[in-house]
Every structure is written in structure tokens, then in C-alpha cells.
There are 2 protein chains.
Amino acid sequence: MSIAKRRLSPEQSRTAALAAARELLIETGPQAVTLKAVSGRIGRTHANLLHHFGSASGLQKALAEYLAQSICQMIGAAVIRLRNGEGTPRDIVDMAFDAFDREGAGALACWMLLSGNEDALDPIVEAIHQLVDELAEHAPEGRTLHEDTLSLCTMALGDALMGAQLAGALGLDRDTGRAIAEKQLTASLLSWQEAAATAG
Amino acid sequence: MSIAKRRLSPEQSRTAALAAARELLIETGPQAVTLKAVSGRIGRTHANLLHHFGSASGLQKALAEYLAQSICQMIGAAVIRLRNGEGTPRDIVDMAFDAFDREGAGALACWMLLSGNEDALDPIVEAIHQLVDELAEHAPEGRTLHEDTLSLCTMALGDALMGAQLAGALGLDRDTGRAIAEKQLTASLLSWQEAAATAG
DNA sequence: AAGGTTACTTACATAGATGTCAATAGCAAA
DNA sequence: TTTGCTATTGACATCTATGTAAGTAACCTT
């Protein structure tokens, strides 16, 4: 009766599902990431997703992990490039803002928190933690990026969720938030370099 | 058969419902603000809420309006007090952060956006717009608070949603976000006062 | 080729949220 | 008191998301 599809490896299935979930998240928002919608997009049934992810919140958690890791990898690489004199602070700012905005990390994090599914946020925080730790290894003594990271992530999240509406209401350009963040990060990095020059 | 409760005026009913909805929002999050939960808390039925608010999204929109107006009124008063030499910039920062955090405005705004119910966000943006317009009337020439407002609201929203987790992961105090915002706002206000002193 | 593992499906079950509608009854006005 | 308005309720209907269970079939191993 049932015309079973070609069998995919669990790994392939999970990857396809997460890609579809990510698309839905970015296109239509968190509410659109349902078992039915995701499974439909990859040509399977919702029971299939339950088979692979155990539960709906299992899928959410896996999506969080997937997004957080790929984004943090991207940002980490950019920071290291900046250390080596390639690129500008603006690149970092843009990347962080895009991660929370266009890449859907903001919507995801927000979704997790609001749905009370707080432990599903762990992968995101974990990935940020890991990124910062890694970056700290290359930092000058007595100076960390922690406060800059906090400030940048906070502004990027807020901007992703409400930036467009706020800017519109205030008669400002859409990228005013980015510009402010860039100014702050640049100033902070400059003071850092000066401190390092003085110390060295 | 049915033992009808004492009849309240539509105004009383709406007020009681909105107060209950606000409590639920702050205590348990947006997902808890359902017709059943809200009506149960004020001792009515969910059909009663539908009678007064028309629909579930009608209730949400009314809640948004209610929160936005009360919060903006509070902040506006504080800004004016600051202008008159009473209080510190930190008061403004605290108020904005609390509005998005403890007062539930952040969760509400986020909820609106994520549920695709974007027009329900209008009252919030409208209230902010109104507040800023009102404050602008008392501002020195050629200088507005718009960028400061954007920056403050953005950071307050981001901090409300992810501040605790981020600070924890980065080994920072919970109020680091506020401290950063305070530093920025203070600096901006100082440059404003200097400019005003030079011009005057 | 035979058999076992398991990806996959269909069908069913459940729970919660939203919404409709007719009926009841509190309250004010006549 | 009587009458009209409407706040309020209970019962019912629907829709969506999630989850369960058992059967089917694809693929790998032997």
C-alpha cells in the first residue's frame, strides 16, 4: 500500500530536515517550523521526523545547535582575520547582525525563550561561550572581549527583532543600529590596541 | 442553570482581563496568555473574553497597547525629570531595561513579531514614537534623542531576552548590559549638554 | 537468495486553543 | 413591576500540532 521513499541514512535525513527547518525559520518565522511543514518540505511525513529527532522539541534543539555552530564558526573566522589585519571591525558587526537577522538566529533564540523551552537555548550559549574561549586564547593579557561580545550580541538581537520598526518610527535609516554598534566596537578595539602598544 | 456572575461594565472587564494577561505574560511568558488562562484568572469563561475583545489577537493587541502606553508614560516622565535636574541617566536606563524585562514589554514585542501578528506591534511603536515626539519638543535645536532611543531600546530588548544567558556564559555580572548602556547614554547626554552650553 | 535491521508510512489518538451560537440572567430604565 | 439591553455562560464545533503503534518495504549482510 504505502510507497516508501528511498531510504536515506539518518545523517542525510537529519541534514535535509535541518536545512528545511532553517529555510522555514528564516522565510516565515518560528511558528512555521512545525513537524508537518518541515516534513512536507523534504517530502516525508511528520512521523518520520519524530523517528529521527524523537520529538518536536528535539528538532528545535537540533536546529539551535546547527545554527549556533555554523554562525559562530563564521564569526570566529572573521575575528581571527581581523586580528591578522584583514578586514574591518565593520565586518564583524555585519556578521553578528546578519547572524541574528537574516540567518535566523535571533528568531530562534527568541522562540526558544518564549516557548519556555529554555534548555534548547543551551547549544547557542554553548557555541558563543566556545567561540569566546577560543578567541581569548589569542588575546593580550588582562583584556578580554567579553564585554564587547555581550554588547554586540545584545544589540544584534534587539536590532534583528525590532530594529526595522524602531528605525521606521524614529525616522532613521535601517542600518543605524549597525552604525552605532560599529562605532562602539571600533572604539573598544582601538583602546585595546593602544593598551597593547603601551604594554608591549 | 448557569449561575451568571455579577455583571461588570465592559471597561471593568477589559481592565481586569488586561491586568491578568499582563501578570501571566510576566510570570510565565507569552505562551501562557491564552483565552482560557486569562479568563480563568479573573473568574470568567473564555467565551467572555471573546465577547469583549472580539478575538484572541484582539486581546493581544489590547495588551500591547496597554503595556506600551503605561511604560512610555513612565519613561517619558523620567526623562522630563532628568531634564529638570532630578535623577540620573541611570534611572532612564534602568527604566527602559525593566520595561523590556520585568514589565514584559520585550516578551510581548517578541511574541508579536514571531507569531507573524505584526500589526499588533503597531501600538508599541506608536507609543514610542509619541514619546519621542513629545520629548523632542523640549530638546535643543538640531539635536534629537532618536539615536539614543534606538540604541537604548535595542539593547534593552536584547538584554531582556538573552542578557541573563549571555552574561552567564561570558562570566559577567547580570547587569553588565545595563552598565554598558548607562555609559553610552551618559556620554551622549554629556556631549549634548556641552553642545547646548556652547550654543547658548 | 534469504533474513534481519530499520527507515518510512498510514491510521489513529489526544490535547489545547480558538471560535460560534443559543440560552440565561443581571442591571438599569421606564 | 415590567421591559429591554447585554454581560455571561455552557455546549458544541473545528483546527492544528504532537505523539503512538503497527505494518510495510528498502537496503545491507550473510
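Remember, it's a predicted structure, so these values are computed and weren't measured experimentally. Just so it is clear: chains get the letters A, B, ... in the order the sequence lines come, proteins before strands, and each one is counted from 1.
The side-chain heavy atoms of Leu67(B) and Arg22(B), taken from C-beta on, include a pair separated by under 4.5 Å. Side-chain contact between Leu157(B) and Leu157(A) is absent, with no heavy atoms from C-beta onward closer than 4.5 Å. Put simply, the side chain of Phe53(A) reaches to within 4.5 Å of the side chain of Leu18(A), judged on heavy atoms. For the pair Met112(B) and Lys61(B), the minimum side-chain heavy-atom distance is 4.5 Å or more. Between Thr154(A) and Leu161(B), the closest side-chain pair of non-hydrogen atoms is not below 4.5 Å.
Side chain of His46(B), nearest nucleotide from dA11(D), dT8(D), dG19(D): dA11(D). Ranking dA7(D), dA7(C), dT8(D) by closeness to the Arg7(A) side chain, first place goes to dA7(C). Listed nucleotides dC8(C), dG19(D), dA7(D) differ in distance to Ser55(A); the shortest reach to its side chain belongs to dG19(D). Comparing dG19(D), dT9(C), dT20(C) by their nearest atom to the side chain of Thr45(A) picks out dT9(C).
Ile42(B) has its CD1 atom 11 Å from the C1' atom of dT8(D), to the nearest Å. Between the CG atom of Leu50(B) and the P atom of dA13(D) there is a distance of 18 Å, given to the nearest Å. Following rounding to the nearest Å, Leu49(A) (CG) and dG19(D) (P) show an atom-to-atom distance of 11 Å. Between Gln60(A) atom CD and dA17(D) atom P the separation is 13 Å, expressed in whole Å. For Phe53(A) and dT20(D), the CZ to C1' distance is 19 Å, given to the nearest whole Å. Rounded to whole Å, atom C1' of dT6(C) lies 16 Å from atom CZ of Arg6(A).
Note on Gly58(A): nothing from the nucleic acid sits closer than 4.0 angstrom, heavy atoms only. Within 4.0 Å of Ala56(B), counting heavy atoms only, lie sugar-phosphate atoms of the nucleic acid but no base atom. Counting non-hydrogen atoms under 4.0 angstrom, Gly54(A) reaches nothing in the nucleic acid.
Judged by distance alone, the side chain of Thr15(A) and the main-chain N or O of Glu11(A) form a donor-acceptor pair under 3.5 Å. Side chain of His46(B) to main chain of Leu35(B): no donor-acceptor pair is present (N/O by atom type, distance under 3.5 Å, no hydrogens or angles).
Between His52(B) and dT8(D) there is a side-chain polar atom (N or O) within less than 4.0 angstrom of OP1 or OP2. For the OP1/OP2 pair of dT8(D) and a distance below 4.0 Å, the side-chain nitrogens and oxygens of Ser13(B) include at least one atom meeting the criterion. Phosphate proximity of dT9(D) to Asn48(B): present, with a side-chain N or O under 4.0 Å from OP1 or OP2. Considering only side-chain N and O atoms, Arg44(B) lies under 4.0 angstrom from the phosphate OP1 or OP2 of dT8(D). Look at His51(A) and you won't find any side-chain N or O under 4.0 angstrom from OP1 or OP2 of dC8(C).
A salt bridge links Asp98(A) with Arg178(A): at least one charged nitrogen is closer than 4.0 Å to a carboxylate oxygen.
Residues from residues 18-40 of chain B lying near DNA chain C, meaning a heavy-atom separation below 4.0 Å, are Thr34(B), Leu35(B) in numerical order.
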